[in-house]
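Positions are given from 1, in the same order as the sequence printed here.
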Amino acid sequence: MDEAQIYTRVSMHLLTSLTSSALASLLQRCDSPETLLAGGEALWRDLGLDSRVADAAARELRANADRVKSDTELLQELGASVVAFSDPNYPPLLQQIPNPPPVLYICGDNTLLSKAQVAMVGSRQASAAGLRAARRFSSQLVKSGLVVTSGLALGIDSAAHRGALEAGGRSIAVFATGIDRIYPTRHRGLAEELRGAGALVSEFPLGTPPEKCNFPRRNRIVSGLSLGVLVVEAALPSGSLITAKAALDQGREVFALPWSIYHSTGAGCLSLLRDGAKLVESERDIYEELGPTYTLLEDGDYAQTLPASSASLTHLQSRLIQLLGDDVVTADELSLLCDLPINCVVGDLTALELLGRVRRVSGGYARI
């Protein structure tokens with residue numbers, strides 16, 4: 001990525017006076033800070049900004065000039081790319097979530113963010129059994145061509161990353177800090193391995209320290225990049241359950257391992273299962289739940305492998321679209337109408353969601 005592109009995106013991203021939506025519009029409309037400053041009131045008005053906000057943003061652009069220059073130089077040293085929401089290589093699944101990040105900082109292979117991913121999360125104080133499970137599931141998932149995504153935290157996160165790397169697969173670590181701030185610091189070596197055999201991702205500007213409020217924001221990206229989230233081991237309450245909730249809000253699948261009621265750090269998983277998460281005993285349970293979506297994504301790239309028109313829909317997908325209308329229909333009702341197991345129906349509904357043909361709403365599904 002060239003210096004001018006990085007400079008422009010960093011300049012815009014540091015404008016604290018703008019909302020995320022205004023920033024996304026700005027990045028789409030302006031190819032440089034100079035264009036923004038030269039645009040005057042007409043440009044600001046087109047972006048829906050009043051003169052007070054426009055003046056504040058213009059002052060910020062000028063005041064931030066030295067920081068933007070140093071950040072741009074550091075990002076180039078890191079070999080990082082800075083991807084804006086309006087860029088064609090912005091991860092397509094992440095574009096669909098509520099309040100997607102307007103800018104992503106990426107070290108490593110940025111094409112991985114548009115590959116089929118399964119997120120894996122869990123306790124920082126994981127048991128030995130939980131760590132073994134995370135490594136085993138991660139190893140099996142990457143062997144199928146999937147990418148394993150997690151948050152570089154202690155415990156289950158790091159075991160998931162390690163399992164993927166040990167199996168020769170790819171893994172993505174999403175940061176709750178700036179891309180230049182490895183947290184926890186003991187994972188510097190792991191982060192370097194992931195930079196070479198995966199990717200490091202953050203929505204936060206360089207230098208952002210680990211702050212409590214940033215971790216839920218990080219978690220929504222972990223789930224938003226992925227087709228589904230596997231909660232390996234989690235207590236009550238826990239950050240892993242925040243990720244699971246984000247996944248449900250985003251229309252993603254949630255999977256959980258069935259721990260014993262006497263396993264103290266498994267109570268969160270049991271709670272998820274009671275609330276409808278998919279029980280997982282082997283990696284095959286994940287493949288089967290993802291259904292035809294997984295078979296469409298064998299090469300890991302849903303942006304290229306998903307069918308682009310109704311002509312290439314399966315018979316069941318076409319039937320589901322016919323059955324859906326303006327009224328919300330549940331997956332159970334669709335299963336009865338099609339006389340098929342619900343896991344087959346949900347798998348095709350997920351594929352149709354990715355195609356933008358149906359949407360998941362409160363109580364079921366509706367046609368778009």
Side-chain angles (χ1 to χ4, degrees), residues 1-20 22-39 43 56-91 94 100-114 151-152 170-211 214 217-218 221 225:
M1 194 169 195
D2 66 43
E3 181 178 357
Q5 287 177 308
I6 294 176
Y7 187 90
T8 294
R9 286 159 175 73
V10 172
S11 296
M12 307 298 190
H13 195 214
L14 293 178
L15 294 177
T16 59
S17 51
L18 299 185
T19 64
S20 293
L23 177 59
S25 298
L26 194 65
L27 286 161
Q28 193 168 17
R29 294 282 303 277
C30 300
D31 57 5
S32 72
E34 291 72 26
T35 302
L36 177 60
L37 289 170
L43 175 59
R59 286 196 298 272
E60 278 192 285
L61 279 176
R62 297 185 180 96
N64 290 340
D66 289 342
R67 179 183 173 182
V68 172
K69 184 175 184 297
S70 64
D71 280 8
T72 299
E73 291 172 353
L74 178 54
L75 286 164
Q76 287 190 298
E77 288 177 21
L78 294 171
S81 56
V82 187
V83 177
F85 181 84
S86 56
D87 292 343
N89 58 341
Y90 190 94
L94 197 61
V103 170
L104 293 171
Y105 299 85
I106 307 164
C107 285
D109 184 356
N110 63 10
T111 67
L112 286 184
L113 276 68
S114 294
L152 200 67
R170 316 299 290 278
S171 186
I172 296 170
V174 184
F175 285 23
T177 60
I179 203 73
D180 59 327
R181 298 284 296 267
I182 309 300
Y183 181 83
T185 55
R186 71 179 72 175
H187 284 166
R188 287 187 182 278
L190 177 57
E192 282 303 311
E193 289 183 60
L194 289 167
R195 187 202 304 266
L200 312 176
V201 185
S202 178
E203 69 170 315
F204 300 104
L206 291 183
T208 301
E211 297 176 344
N214 289 342
R217 291 178 61 185
R218 182 274 308 274
I221 298 177
L225 285 167

Quiz item: Is any side-chain heavy atom of N89 less than 4.5 Å from a side-chain heavy atom of T111?
Solution: no
Quiz item: Within a strict 4.5 Å, meaning less than it, do heavy atoms of the I182 and F175 side chains meet?
Solution: yes
Just verifying a value: how many Å separate [X] [atom1] and [Y] [atom2], rounded to the nearest 0.5 Å?
X	Y	atom1	atom2	value
R67	S11	CZ	OG	11.0 Å
H13	F204	NE2	CZ	8.5 Å
E203	L94	CD	CG	8.5 Å
M12	L23	CE	CG	8.5 Å
T16	N64	OG1	CG	7.5 Å
H187	L152	NE2	CG	6.0 Å

Quiz item: Applying side chain to side chain donor-acceptor pair (under 3.5 Å), which residue pairs with at least one partner in residues 177-186 are found, sequence neighbours left out?
Solution: none
Quiz item: Is the number of heavy atoms from other residues, nucleotides or ligands under 6.0 Å of D2 CG greater than 12?
Solution: yes
Self-check item: Member of P91, S202, P101 meeting the side-chain contact (heavy atoms from CB on, under 4.5 Å) criterion with I221
Solution: P101
Practice problem: Carefully, step by step, assess R188 and E192 under the rule salt bridge (charged side-chain N to carboxylate O under 4.0 Å, His left out). | Solution: CA-CA 6 Å; R188 287 187 182 278; E192 282 303 311; over 6 Å; no
Pairs under 3.5 angstrom only: tabulate donor-acceptor contacts from the side chains of residues 75-83 to other protein residues two or more places apart or in another chain.
residue: S81; atom: OG; partner: N110; partner atom: ND2; Å: 3.2

